[in-house]
Amino acid sequence: MAYDHQSIEAKWQQIWEDEKTFEAFEDESRPKFYNVAMYPYPSGDLHVGHLRNYTYIDLVTRYKMMQGYNVLSPMGWDSFGLPAENRAIETGVHPSESVSSQIDAMKVHFRQLGAGFDWQRELASHWPSYYQWDQWLFIQLFDRGLAYKKEAPVNWCPQDQTVLANEQVVEGACERCGTIVEKKNLAQWFFKITDFADRLLNDLDQLDEWPDRVRTMQRNWIGRSTGAQFSLAVDDSTDSFEVFTTRPDTIFGMTFAVLAPEHPLVDRLISGTDQEADARRYMTAAGRASEIERLSEGAKSGVFTGRHVINPVNGARVPIYIADYVLMGYGTGAIMAVPGQDQRDWEFATRYGIDIIRTVQPPAGYDGEAFTGDGVTINSDFLNGLSRGEAIDSMIKWFEAEGLGTATVNYRLRDWLISRQRYWGAPIPIVSCPACGLVAVPDDELPVLLPDVPDYAPKGQSPLAALEDWVATTCPSCGGGARRETDTMDTFVDSAWYFFRYTDPHNAGQIFDPEKARYWMPIDQYIGGVEHAVLHLLYARFITKFLFDVGLSSVEEPFARLFTQGMITLNGAKMSKSKGNVIPPDRYYREFGADAMRLFELFVGPPTDDAVWNDNGVAGTARFLDRVWKMGTESNDYIDRAEDDRDRALIADTHRAISKVTDDLDRFHFNTTVPVLMTLANTMTDYLADGPREETFKAAYAAMVFMLSPMAPHIAHELWERTGHDTMLATEPWPVADARLLERSTVTMVIQVNGKLRDRVDVDADIDAGDAERLALESDKISQWIDGQAVKRIIVREPNLVNIVVD
RNA sequence: GCCGGAGUGGCGAAACCGGUUUACGCGCGGCACUCAAAAUGCCGUGUCCGAAAGGACAUGCGGGUUCGAAUCCCGCCUCCGGCACCA
């Protein structure tokens with residue numbers, strides 16, 4: 001009977017739902033396994049690239065379940081955010097309506113794929129029962145000074161009409177829409193992630209089950225550098241300013257100093273100097289230029305202030321410049337410039353005719369510009385002759401003794417800007433009172449519900465600001481008139497802790513029960529796209545550390561093991577609606593079934609790598625499933641007879657397949673598991689062609705069905721049932737290979753002459769070295785190749801190889 | 001510029017510890033079944049020479065280590081990803 005994938009897949013999807021096969025409960029008697037796919041934005045249409053990810057997560061769920069783990073694999077929706085809101089602006093449909101229908105469409109996809117999720121724990125960030133706890137979390141941070149409002153130059157996307165976090169600016173452009181961002185001075189809400197910089201950096205070392213690439217990206221993003229911060233006094237003035245340097249050892253080479261155009265001291269310094277007009281003109285130009293323009297300009301530009309600073313180590317009087325290659329946002333916004341040892345300073349000094357003094361001896365014959373390598377310190381008085389490290393230490397001691405500075409650590413990481421001037425997000429639960437200042441909304445008034453608005457269009461401030469009745473409120477502290485915060489939270493706040501809520505999703509009185517979180521956390525396997533390497537994955541680590549600090553989380557790191565899957569591409573391009581190269585899975589479901597598609601998603605290539613979609617591939621895996629089906633349902637003519645060599649060989653091959661599939665699943669080498677099963681099926685076909693056998697074949701076939709269960713669950717469950725079992729295959733124990741059967745009694749021994757393959761012979765696996773050598777020399781082919789030449793050496797690696805070395 | 005990763009048939013890829021290169025699938029060619037086609041099954045399929053037996057050459061390029069290298073080392077080339085005036 002032909003395999004009817006349509007009705008059989010629907011049948012098992014219904015059974016898994018009815019029997020609640022994937023609902024999980026805390027159970028201290030079994031090891032837990034918390035398995036999470038990054039919760040998706042509900043975009044409705046999934047394409048074959050998305051399904052690779054969900055095939056992997058479901059494979060892990062089913063595999064770990066069969067291995068006896070108490071597996072939790074929940075699913076939820078990252079449902080706040082711009083796409084729903086932009087759709088609302090176009091169509092007038094409220095985002096909550098469009099999001100709900102998208103969620104329904106996605107659930108149909110997951111069901112069709114046969115994905116085993118615990119739907120009883122479903123959550124969505126736009127549900128008030130969820131974002132209430134976003135708001136609660138915000139207040140916890142606020143109460144501890146870790147959420148604060150500050151006016152600062154921030155990234156503004158003119159297209160989306162909202163500010164962006166640093167992490168959301170990619171090469172000077174909005175990560176979402178690609179528009180060049182502008183700098184604006186605005187009062188915005190920040191989370192003080194910088195307080196956690198050292199922990200976020202150091203704990204990366206523990207995450208040895210994370211891809212190195214992601215850890216490196218986070219390290220670079222945090223960007224810790226050590227050095228010294230010290231004070232430079234302005235000549236003829238009581239003013240001074242702080243500078244940060246990683247190279248205090250080069251201070252004798254300082255021939256100028258530079259302030260960022262936005263530095264607060266600039267105005268006072270230039271006032272009344274001959275250079276004032278020039279300087280002001282430069283600052284206006286620099287302020288107008290976008291970051292991209294500043295970067296692309298190439299040659300460093302700047303302007304002399306007319307003022308000087310005194311080098312504290314030798315009293316040298318050096319000019320102060322303003323230049324936009326110094327950034328206000330890093331360090332102190334001011335530097336000592338040492339062109340001899342810094343390439344940027346070198347370029348600037350060359351352009352403006354400033355002196356260059358080398359303080360590190362370059363190697364003989366060095367003809368480069370600034371020398372940034374290691375060498376002996378020169379031209380530096382009491383530092384002369386010291387190595388870089390010694391000179392740095394000496395200088396820091398000197399600064400400390402003089403009271404001018406100290407050793408300092410600087411980070412590239414900035415505080416996380418979380419307020420957004422958009423509608424579709426969680427309202428920030430703060431009230432601004434003329435008398436009391438910024439006051440948190442009390443817990444018993446949460447959630448601050450997101451009100452309906454007549455107009456979603458962004459106008460530079462949140463659409464909520466137009467709702468005067470909503471904005472006007474009373475102060476929770478003094479009862480006087482006050483105004484609500486109208487900005488909403490970045491959706492990355494929602495996603496920074498949702499995996500805690502999964503552990504206790506219906507708790508109405510608490511963000512989650514710490515005991516339930518303790519049972520499930522940390523996530524044993526987290527799967528998602530590498531595009532979140534420094535966004536979601538960093539924020540979630542930060543919030544987890546905060547929850548740890550306040551006693552809610554038992555772990556400091558949320559994701560014990562991280563897997564980042566590659567993309568599916570088509571004609572060399574990422575699938576996207578805008579490119580019009582999206583392949584929907586529907587046709588494959590219809591023609592070949594979800595199981596065949598799942599197998600091809602596994603088979604298509606190494607899981608971490610991008611893979612090219614091949615339209616014929618699913619037909620190939622469907623053919624394989626068809627063969628397996630026929631073998632199980634059409635070969636009923638078993639005969640009874642004693643086991644022979646052929647039977648023993650089949651059983652041994654089966655155990656080798658179990659061993660290999662188990663190893664490969666453990667190592668996430670999913671692409672190599674499918675060929676193992678295909679090869680086993682080919683072996684079984686050959687076996688059947690030679691005449692059916694009873695018990696032996698049944699055992700091999702059962703192993704095939706078990707191994708298919710996590711990969712192609714529908715057909716596997718159906719075959720399990722049809723071969724006379726009334727248990728649920730999903731919860732049957734995973735087969736274990738018998739180590740004694742894995743070893744072969746005979747192997748093919750390769751005979752080489754001078755490393756080139758010349759003959760092969762079958763030998764007993766326990767052949768000794770002497771016999772192997774003798775057998776090799778007895779070979780006719782080999783004696784032809786030796787042909788009288790002197791045998792210099794014979795390398796024997798019994799039982800696999802003999803290599804005869806001749807002159 | 002700096003930091004990662006990769007380069008193996010017509011294509012996706014295997015080869016896990018240095019030991020039979022190219023498993024498995026796609027594609028392609030042939031055959032069987034069929035009135036025919038589809039589906040299915042079987043056989044073949046790295047390149048070159050050769051009728052065959054067989055041989056030579058092949059893992060981006062050039063060297064090296066080794067009895068033996070896709071794998072280790074050195075130097076290049078190309079592609080992909082990340083960071084990029086971070087002082």
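Chain letters run A, B, ... following the sequence lines, proteins first and then strands; every chain starts at 1.
- Within the 4.0 angstrom heavy-atom criterion, base atoms lie near A:Arg412.
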In 5'-to-3' order, the base (B), backbone-only (S) or no-contact (-) status of each nucleotide in nucleotides 12-18 of chain B, using a 4.0 angstrom heavy-atom cut-off, is BSS-B--

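- At a threshold of 4.0 angstrom between heavy atoms, the contacts of A:Asn616 are confined to the sugar-phosphate backbone, with no base atom among them.
- No donor-acceptor distance shorter than 3.5 angstrom exists from the side chain of A:Asp249 to the backbone of A:Met395, with no hydrogens or angles considered.
- Scored by the salt bridge (Lys or Arg N to Asp or Glu O under 4.0 Å) test, A:Glu531 finds no partners at all (sequence neighbours excluded).
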Once pairs are restricted to Watson-Crick or G-U wobble with both distances under 3.5 Å, how does RNA chain B read as a dot-bracket string, [ ] for crossings and | for other-strand pairs? (((((((..(((......[....)))((((((.......))))))((((....))))..(((((..]....))))))))))))....

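- Two residues, A:Ile795 and A:Gly331, neighbour RNA chain B, and the one matched to the more 5' nucleotide by heavy-atom proximity is A:Ile795.
- With its glycosidic angle within 90° of 0, B:G9 adopts the syn conformation.
- Put simply, A:Arg623 has a side-chain N or O that comes within less than 4.0 Å of OP1 or OP2 on B:C26.
- For A:Phe348, the ring pair (Phe, Tyr, Trp, His ring centres under 6.0 Å) partners are A:Phe256, A:Tyr321, A:Tyr325, A:Tyr352, not counting sequence neighbours.
- The distance between atom CD of A:Gln343 and atom C1' of B:C2, rounded to the nearest whole Å, is 13 Å.
- Residue A:Asn682 is classed as a sugar-phosphate contact, given heavy-atom separations below 4.0 Å to backbone atoms only.
- For A:His655, there are no ring pair (Phe, Tyr, Trp, His ring centres under 6.0 Å) partners at least two apart in sequence or on another chain.
- Within the 4.0 angstrom heavy-atom criterion, only backbone atoms of the sugar-phosphate kind lie near A:Gly620; the bases stay farther away.
- The interatomic distance linking A:Leu677 (CG) with B:G25 (P) rounds to 12 Å, in whole Å.
- Using P as the reference atom, B:A53 and B:G46 are 14 Å apart when rounded to the nearest Å.
- Counting non-hydrogen atoms under 4.0 angstrom, A:Leu757 reaches the backbone sugars and phosphates but no base.
- Looking at which nucleotide of RNA chain B each of A:Trp221 and A:Arg797 is closest to, the 5′-most match is held by A:Arg797.
- Looking at heavy-atom distances under 4.0 Å, A:Trp785 makes contact with sugar-phosphate atoms alone, never a base.
- At the phosphate of B:G5, neither OP1 nor OP2 sits under 4.0 Å from any side-chain N or O atom of A:Arg213.
- Closest approach to the A:Lys630 side chain among B:U40, B:G68, B:U20 is made by B:U40 (side chain taken as heavy atoms from C-beta onward).
- Side-chain nitrogen and oxygen atoms of A:Arg758 include at least one within less than 4.0 Å of the OP1 or OP2 phosphate oxygen of B:A56.
- When all heavy atoms are compared, the tightest approach of A:Pro585 to A:His47 is CD-CA, 4.2 Å.
- In this structure, the side chain of A:Asn803 engages the main chain of A:Gly755 through a donor-acceptor pair within 3.5 Å.
- With rounding to whole Å, A:Ile222 atom CD1 is found 18 Å from B:G82 atom P.
- Looking at residues two or more places apart in sequence or on another chain, you find a ring pair (Phe, Tyr, Trp, His ring centres under 6.0 Å) between A:Phe600 and A:Trp613.
- Between the A:Asn410 side chain and the A:Ser225 main chain, no donor and acceptor come within less than 3.5 Å of each other.
- Contact between A:Ile786 and A:Val806 at its shortest, heavy atoms only, is CG2-CG1, 4.1 Å.
- Using a 4.0 Å heavy-atom cutoff across all strands shown, A:Arg215 reaches no nucleic acid atom at all.
- The only option from A:Thr377, A:Thr250, A:Asp393, A:Asp374 that meets the side-chain hydrogen bond (donor to acceptor under 3.5 Å, both in side chains) definition with A:Arg388 turns out to be A:Asp374.
- One can place CG of A:Leu413 at 17 Å from C1' of B:A84, the figure rounded to the nearest angstrom.
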